[in-house]
K.L.:
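First the structure, which I've put down as structure tokens, then a few questions once you've had a look.
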Amino acid sequence: MTKPEAIHAASARPNTDLPQLYRTMRRIRTFEERVGELFVRGQSAGSMLHLSIGEESAAAGFCAHMQDGDTFTTHHRGHGIFLARGADPNRMMAEIGGKEAGYCRGKGGSMHIADMGLGHLGANAIVGGGIPAIIGAGLAARHHGTGKISVAFFGDGATGQGILYESMNMAALWRLPCVFVCINNQYGMGTRIDQATANAVLHERAHAFGLAAETVDGLDVEAVAEAAERLVAGAREGRPAFLVVDCYRFYGHARKDKSPYRDATEEETGRRKDPVAFARAALLERGLADAAELDALDAQIDAEMDATIDFTIAQTEPPLSTMFRDVYAPEEPEPEPVRTRIDRILARA
Amino acid sequence: MTKPEAIHAASARPNTDLPQLYRTMRRIRTFEERVGELFVRGQSAGSMLHLSIGEESAAAGFCAHMQDGDTFTTHHRGHGIFLARGADPNRMMAEIGGKEAGYCRGKGGSMHIADMGLGHLGANAIVGGGIPAIIGAGLAARHHGTGKISVAFFGDGATGQGILYESMNMAALWRLPCVFVCINNQYGMGTRIDQATANAVLHERAHAFGLAAETVDGLDVEAVAEAAERLVAGAREGRPAFLVVDCYRFYGHARKDKSPYRDATEEETGRRKDPVAFARAALLERGLADAAELDALDAQIDAEMDATIDFTIAQTEPPLSTMFRDVYAPEEPEPEPVRTRIDRILARA
Amino acid sequence: MALQELTYRDALRQALIDSMRENPDVIIMGEEVGRYGGAYAVTKELIKEFGAERVIDTPISEPAIIGAAVGAAMAGLRPVAELMYVDFIGMTMDQLGNQAAKIRYMFGGQIGVPMVLRTQGGTGRSAGAQHSQSLEAYVMHTPGLRLAMPATVSDAYHLLRMALTKPDPVVFIEHKALYTMKETVDLDAEPLAWGKSAVRREGKDLVIVTYSRQLHYVMEAAKKLSTDGIEATVIDLRTLNPLDFDTIREHVERAGRAMVVSESVMTAGVAAELSARITEECFDYLEDPVVRVAGEDIPISVSTALETGSVPGPQLILETARKLLGARVAA
Amino acid sequence: MALQELTYRDALRQALIDSMRENPDVIIMGEEVGRYGGAYAVTKELIKEFGAERVIDTPISEPAIIGAAVGAAMAGLRPVAELMYVDFIGMTMDQLGNQAAKIRYMFGGQIGVPMVLRTQGGTGRSAGAQHSQSLEAYVMHTPGLRLAMPATVSDAYHLLRMALTKPDPVVFIEHKALYTMKETVDLDAEPLAWGKSAVRREGKDLVIVTYSRQLHYVMEAAKKLSTDGIEATVIDLRTLNPLDFDTIREHVERAGRAMVVSESVMTAGVAAELSARITEECFDYLEDPVVRVAGEDIPISVSTALETGSVPGPQLILETARKLLGARVAA
Ligand SMILES: Cc1ncc(C[n+]2csc(CCOP(=O)(O)OP(=O)(O)O)c2C)c(N)n1
Ligand SMILES: Cc1ncc(C[n+]2csc(CCOP(=O)(O)OP(=O)(O)O)c2C)c(N)n1
Ligand SMILES: [Mg+2]
Ligand SMILES: [Mg+2]
């Protein structure tokens, strides 16, 4: 765990905007708390809601060095990343509620959220499923000479998926402008990382494939941002990279999981690795903000995120008429509903 | 490339039986040449015949330290390994000819050969397809306390397949009695290894997953055998391993490929990495055999392998009546042939 | 033995326990099957009785999990590989379809692959497009794979028990919406044989062939039809491979009308096979075309209304049956 | 333009060349597509004209190849991902079925995945159980994926050209036994539209619906039937998704008898869908059940005799048609 001196040393950091990073993290934290509330109020679409509380530094720190036009994919625990890339929390929450006003018109939900405008090529309910897409996006960026990068965010559990290694190999071979960001929250559902692999120093694998690779302590959002800055700059020049952000999953895997498989002491220690609290302390310590200012900011964020729930509840589910839409492109005929087909057949018979 | 001094140094090697290793390699070499001949004579089942000429040391050297009861899987270029594990060349050649007398009754062919008696869990036409089976076989060996190991043999091309990494991770995590043997013949079809990966030091990947891992020069079969001895001993005690055997694919990928993608100089140099010639020279140099003895041995092997062709040609194809057999276990009904079904339906109609 | 009230989940769990007690070679491997007890709690606390060597928590590596099960089965174990969602079968189709399914045949009958792939599918939890599918048609279309899909608590127990004695690979697909369903069962009563379908109800007017969760919707619809004076025979397939066509034929020949109901996507799905086969075999007895009531040819939404609308339900089944009979009555 | 004699392979190659010249965003990626020129030489020397940045040799990583194509398509390229054998589709079914096929829908219509997965399948080279399959039913059963399977040289060209303009993912399956087939074609002549089936022959007695290599067997059989006085209409589907059912219906209603011929395994395969659909839609016009002539429900052997016996051939098609007509004539 980073010690107080680290905070001090960090005050000399030139390229990070800690107030801004704090704000982003605090918005994520609060948004996720509201997602939990949406579920408790029975207003979420299902219970497959994976909160990124404890991992805010990965999202805020890394995304601080992404640009407009950069693309990315996320995993099932990707709300924070999307927010950090500029998502509208109302449309996000509406999607999580399965409402038509959501980013994906209520068809995708928490695990299938995307926005092409913001370069979000999609969250994924398949562990590792979104990773190879950044290879293609990286090829496209190079092909079109955009200078943009493509980033895959995923959990430590995805290191079990072979497609990660296939993708890393391609990125290194083709020197693509790609970054792999592994958010190591120590768990894949109930499995602790050391129960899923014999060598939990995950970045060594990336290194063996020829990528620039390192691990950073997710307690310190500035450290994440600094690593991101370095790796992103390299990636833009064709040196793909792999970054592990070490953190702790504060709560259960999904909304209903109470984490019976880990003990209270571990959880308590784990939750001390709180990047939001750490950043807040650093802001105060370094005199970058005073308590009153931060309280005001927090209150403003609370209000913003409270509103997402009201917004979502007020929205409607997608009408049944949209069910057959978007299976294929709009100019193509929609698939024939079973009911229509049956009626046609039996009318004929 | 190993220099003459290496031969000298090797004369002190205590645990390798070079005459035996030479014999095994020479049998493989000659068998493979006869496979080529079978094809030329139009007697092979198809043209998907992948010769292991140039790679004999991997098969002979590694298998020298395998025991009865050890299990293994191979890839599409696995004739040599199977021979080194004790296969009957007649039944192998008959299988390659698609004859009923073959190991798999002519249903499998060169790429799907297996023999449960010899622990051969199967060659595979899917690159990487046979790798995860050794995880299960390793679990079984441990479960039954047999002290046996399970070995996957595959080519450098299989390092492109994610399932290799998934399998290595499991082997390391569960400390299984498994060895991964990567026969790096520098090519996957027309793709040279450095065109398929940014870091061609392949064993580093295995190391990153927590396996014992090394690379050995396949020119020197004794070096392969020594590495095998070390790694196999570790594997029997629950330290899974990964061994790269560096060699050169002397001929085309399959029988019809003339390797237009590599130049004559490269091929010439590559073919100098000849483990059979190297071992022969070492035997003579060290006085372990004289030229006449070796000539006699060679002649005996030639005769043995010549006979496989005659044997194969004399055999019959599996009768059509076996077509529906062995889709399911013998006690289960066979699938109904389309023709029978049609007749039944039309008789009824 | 005694009658007892069991859930579908408990019956599956009991089947695993009984099989593991009986046969020390039965092992379970999959994500979260051990300490966590299974994503749907089917393997809850099994690790306590059987230990981590027989109830093996794996990394998130579906292809290798299935591949490892193949090797384990070849090497003398009886693995149950759990795939948390059938939706993940896509990444395992090589190990399943090219290896498990073909090994016996390719190797000339030398060896089988007696493994069970346990998984669950279907809609019902707003789990979205990648966690709600019914992908049994991929399996049914792959020669060499057996396919069991229990609809009842009793079948959950017995089919899983039997699957664990079969010489060939069995894909065993549970339905996520059935886990909490209760039934009073006597597990010691002689079960229907493996490969036999169950006639859940007999009626002269119409045969409805179905399986898994849709059985319950069909039974619900059949009850309502009965108040209309329409009596349906309901056949629950239990196993789709082997497929007990004799029972279907017998009843369809008698009734002259058939409907098939499946949650899997209609096009080239299970319902297509059943419809084609019934037509081929019973053509001269059919008064109407076999009607397919199946999953829509679309992905599944997370929105509850759209999710529910994507697969057959009691109302659609009922209306279709009414129309099927009404069409002719009117004509 | 001028008539020219072309092989199926050359037509495919020309389609790629013309598409790449026309649209700089078209790229090809796959194993051995560049320097080697493709395992079946379809991309031969394309790397010379278009360079290694557009004709990309990949490692042997099928899942990531398809996944990369998905990302490339979303990010503005028009990738052609080559899968050397359709038999390898199993390891890509997650990227294909859960990602490519569903992205437009899951994301509420924001974006499509305009990629082409080019591959080849079928028997004919003694390539054994893992290199000879016809797995189009997996694709046909997956909503969101288009599916084209050209049988002729002209279609090889035009369907591939059209596939490369489509907004949705297209799986394009060639037949390995057709690459050397020659035809005299005028590539500039107006092609039949995408999604339209081709009536390759008209006859009053019987409709045979087929696609890909089996078209040629069917035509051969139809010619012989004609000498018996039996005239068959032969429909070549060209694309299985979209499926041009109108053409089928029109002809089946006229002839009253139908056969479907497919190389894919019979159970739950393409033939099942066609048979079910024809029966549903044309029931009152059918004099006999729709007969399926399809691949056997078994893996494919390396032995030539067994390989050939595993899939339909002209003789089986001919005999079946004769029986189908004879059965009624006799009855
Ligand atoms: C291919 C696949 N396998 C399994 C699952 C079920 N599952 C969902 S999340 C998860 C754990 C993932 O852990 P990790 O990647 O570390 O992400 P985290 O949940 O910790 O953010 C599992 C096993 C899935 N969705 N997809
Ligand atoms: C999954 C899969 N992808 C592609 C192929 C086609 N293929 C057969 S062998 C081969 C090259 C394999 O190279 P390597 O693993 O190095 O083995 P080698 O042929 O050199 O022995 C390829 C691409 C295949 N059979 N299976
Ligand atoms: Mg995690
Ligand atoms: Mg190689």
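So you know, we letter chains A, B, ... as the sequences are listed, proteins then strands, and number each from 1.
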K.L.:
Against chain D, work out which of Ala268(C), Ala276(C), Ala271(C) has the most heavy-atom pairs shorter than 4.5 Å and name it.
P.N.:
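Option with the top pair count is Ala268(C).
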K.L.:
Who among Asp297(C), Val265(C), Leu274(C) has the most heavy-atom pairs with chain D under 4.5 Å?
P.N.:
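Of the options given, most contacts go to Val265(C).
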K.L.:
Which bit of Tyr105(C) comes within less than 4.5 Å of chain D, counting heavy atoms only: side chain, backbone, both or neither?
P.N.:
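For Tyr105(C), the side chain is the part near chain D, not the backbone.
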K.L.:
Taking the side chain as C-beta and beyond, is there a heavy-atom pair between Phe88(D) and Asp94(C) under 4.5 Å?
P.N.:
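No, every pair of side-chain atoms sits at 4.5 Å or beyond.
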K.L.:
For Val290(D), is it the side chain, the backbone, both, or neither that has a heavy atom closer than 4.5 Å to a heavy atom of chain C?
P.N.:
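Contact with chain C is through the backbone of Val290(D) alone.
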K.L.:
Might you point out which heavy atoms bring Phe283(C) and Phe283(D) nearest each other, and give the distance in Å?
P.N.:
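Result for this residue pair: CE1-CE1, 4.3 Å.
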K.L.:
Asn98(C) pairs by side chain to side chain donor-acceptor pair (under 3.5 Å) with which of His131(D), Gln133(D), Gln130(D)?
P.N.:
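Among His131(D), Gln133(D), Gln130(D), the one meeting side chain to side chain donor-acceptor pair (under 3.5 Å) with Asn98(C) is Gln133(D).
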K.L.:
Within this structure, what is the OG1-CG distance for the pair Thr267(D) and Leu240(C), rounded to the nearest 0.5 Å?
P.N.:
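Between atom OG1 of Thr267(D) and atom CG of Leu240(C) there are 10.5 Å.
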K.L.:
Quick one: closest heavy-atom pair of Lys102(C) and Ala129(D), and the distance?
P.N.:
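Closest pair (atom of Lys102(C), atom of Ala129(D), distance): CE-O, 3.3 Å.
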K.L.:
Check each atom of Leu286(C) against the heavy atoms of chain D and say whether the ones under 4.5 Å are side chain, backbone, both or neither.
P.N.:
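Both parts, backbone and side chain.
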K.L.:
Which of the residues Met93(C), His141(C), Met140(C) is involved in the greatest number of heavy-atom pairs with chain D at under 4.5 angstrom?
P.N.:
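Among Met93(C), His141(C), Met140(C), the one with the most close pairs to chain D is His141(C).
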K.L.:
Could you measure the distance from the OG1 atom of Thr142(D) to the CG atom of Leu135(C)? Nearest 0.5 Å is fine.
P.N.:
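One gets 7.5 Å once the value is rounded to the nearest 0.5 Å.
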K.L.:
Shorter than 4.5 Å, heavy atoms on both sides: which option in Arg292(D), Met91(D), Met266(D) has the most such pairs with chain C?
P.N.:
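Of the options given, most contacts go to Arg292(D).
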